[in-house]
*Asks:* 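Here it is: the structure, laid out below.
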Amino acid sequence: MHELAPNVFILPGFPSYLINTYVIGDVLVDASTKMAVSGLKRKLHNVTINAHTLTHVHPDHQGASHALCDEFSMPLWCPANEVEAMITGDLSQQIPQNTLTSFLNVVWTGSAHPVERALQEGDTVADFTVIDAPGHSPGQVAYWREKDGILIAGDVANNVSFTTLQEGLIEPPSAFTVNAEQNRASLRKLADLRPSLVCFGHGKPVAGKDFRAFVDSL
């Protein structure tokens with residue numbers, strides 16, 4: 001775990017920063033794929049976590065959720081519009097259906113799990129505020145800490161290419177995004193917060209000024 005700001009830690013995936021998870025206070029944010037279960041259990045073994053929350057219910061964010069919630073006896077929280085997908089395990093409305101996502105559904109998607117708390121915009125998670133940021137998925141949320149401008153933005157943008165592994169800000173691939181136009185609106189909404197640091201599900205965090213410049217270029 002690497003500390004990004006007070007009580008904000010990143011757990012970079014492998015290859016480094018390809019699929020990230022975070023700890024904010026005593027809350028685990030996202031859970032990579034089901035292939036990451038053993039690694040995340042090991043990394044979190046001596047960490048105090050009392051709840052697990054999701055930015056969105058995609059296979060590379062909820063994959064280890066069921067196993068980790070059972071392992072650490074913690075409740076699962078997720079965006080209100082995606083609760084049904086999580087509790088049924090049916091992600092067909094969460095992500096475009098194509099050959100690639102069908103394959104990843106088999107190798108990445110974790111088991112269904114009960115959701116104890118359905119998150120709405122304005123709710124508090126640790127010392128972060130929930131911000132609706134749909135488009136990449138129907139109900140994606142971001143987590144925003146106003147006092148120091150830290151933004152955990154989910155997949156509203158990526159800072160790495162899945163195909164080349166090259167670093168750089170890009171919009172999320174269309175193969176995984178249900179509504180690109182709505183996602184762009186969410187990008188503008190988050191940029192208007194004027195964050196100081198933006199953390200993504202994929203890729204290294206970036207300075208807020210670089211994120212805003214990227215959004216302005218779209």
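All residue numbers refer to positions in the sequence shown, counting from 1.
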*Asks:* How far apart are the closest heavy atoms of Gly139 and Asn81, and which atoms are they?
*Replies:* CA-CB, 3.9 Å
*Asks:* Once the angle between the rings of Phe211 and Phe200 is folded into 0 to 90°, is it parallel (under 30°), tilted (30 to 60°) or perpendicular (over 60°)?
*Replies:*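 The rings of Phe211 and Phe200 sit tilted, inter-plane angle from 30° to 60°.
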*Asks:* Around atom CD of Glu3, are there more than 12 heavy atoms from other residues, nucleotides or ligands closer than 6.0 Å?
*Replies:* yes
*Asks:* Establish whether Met74 and Val23 are linked, either directly or via other cluster members, by ILVMFWY side-chain heavy-atom contacts under 4.5 Å.
*Replies:*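 Yes, it is one cluster - the side chains of Met74 and Val23 are joined through contacts under 4.5 Å.
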*Asks:* Does a donor on one side chain and an acceptor on the other come within less than 3.5 Å for Asp90 and Thr88?
*Replies:*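 Side-chain D/A pair, Asp90 to Thr88: absent.
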*Asks:* With a 3.5 Å distance limit and no angle check, can you tell me whether Asn159 reaches the backbone of Lys204 through a side-chain donor-acceptor pair?
*Replies:*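 Answer holds: yes.
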*Asks:* Indicate the atoms forming the closest heavy-atom contact of Thr109 with Lys34, along with that distance.
*Replies:* O-CD, 3.1 Å
*Asks:* Looking at Ala153 and Ala142, what are the two nearest heavy atoms and their distance?
*Replies:* CA-CB, 4.0 Å
*Asks:* Can a salt bridge be assigned to the pair Lys189 and Asp192 using a cut-off of 4.0 Å between side-chain N and carboxylate O?
*Replies:*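 No, no charged N to carboxylate O under 4.0 Å.
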*Asks:* How many angstroms lie between CE in Met86 and CG in Leu54, if you round to the nearest 0.5 Å?
*Replies:*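 Separation between the atoms: 6.5 Å.
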*Asks:* Please name the pair of heavy atoms, one in Pro75 and one in Asn50, separated by the smallest distance, quoted to 0.1 Å.
*Replies:*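 Taking Pro75 first and Asn50 second, the nearest heavy atoms are CD-O, 3.2 Å.
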*Asks:* For residues Val178 and Pro134, determine if any side-chain heavy atom of one lies less than 4.5 Å from a side-chain heavy atom of the other.
*Replies:*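 A side-chain contact under 4.5 Å is absent here.
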*Asks:* Can you tell me if Ser102 and Gln97 form a side-chain donor-acceptor pair at under 3.5 Å?
*Replies:*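 No pair is found: no donor N or O on one side chain lies under 3.5 Å from an acceptor on the other.
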*Asks:* Search all heavy atoms of Asn183 against all heavy atoms of His136 and return the closest pair with its distance.
*Replies:*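 Where Asn183 meets His136 most closely, the heavy atoms are OD1-N, 3.3 Å.
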*Asks:* Could you give the distance from CZ (Phe176) to NE2 (His56), rounded to the nearest 0.5 Å?
*Replies:* 10.5 Å
*Asks:* Less than 4.5 Å apart, any side-chain heavy atom of Arg188 and any of Leu190?
*Replies:* no
*Asks:* Donor-acceptor pair, distance only, cut-off 3.5 Å: does the side chain of His52 make one with the backbone of Leu76?
*Replies:* no
*Asks:* What I want to check is whether the side chains of Thr55 and Asp30 have a donor and an acceptor closer together than 3.5 Å.
*Replies:*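 The criterion, which ignores hydrogens and geometry beyond distance, is satisfied for Asp30 and Thr55.
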*Asks:* Short question: side chain of Thr124, backbone of Asp127 - any donor-acceptor pair under 3.5 Å?
*Replies:*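 No, Thr124 side chain to Asp127 backbone: no donor-acceptor pair under 3.5 Å.
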*Asks:* Is the backbone of Met35 close enough, under 3.5 Å, to the side chain of Thr33 for a donor and an acceptor to pair up by distance?
*Replies:*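 The answer is yes, because a donor-acceptor pair under 3.5 Å joins these two groups.
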*Asks:* For a quick check under 3.5 Å, do Asp155 and His202 share a side-chain donor-acceptor pair by atom type?
*Replies:*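 Yes - a donor-acceptor pair under 3.5 Å links their side chains.
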*Asks:* Find out whether Trp144 and Ile152 are in side-chain contact, i.e. whether some heavy atom of one side chain is under 4.5 Å from a heavy atom of the other.
*Replies:*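 A side-chain contact is absent here, since even the closest heavy-atom pair is not under 4.5 Å.
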*Asks:* Is it true that the side chains of Ser32 and His61 contain a donor and an acceptor less than 3.5 Å apart?
*Replies:*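 Note: Ser32 and His61 side chains miss the donor-acceptor criterion.
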*Asks:* Mark yes when over 12 heavy atoms from residues, nucleotides or ligands other than Glu121 sit less than 6.0 Å from its CD; otherwise mark no.
*Replies:*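 More than 12 heavy atoms, drawn from other residues, nucleotides or ligands, come within 6.0 Å of this atom.
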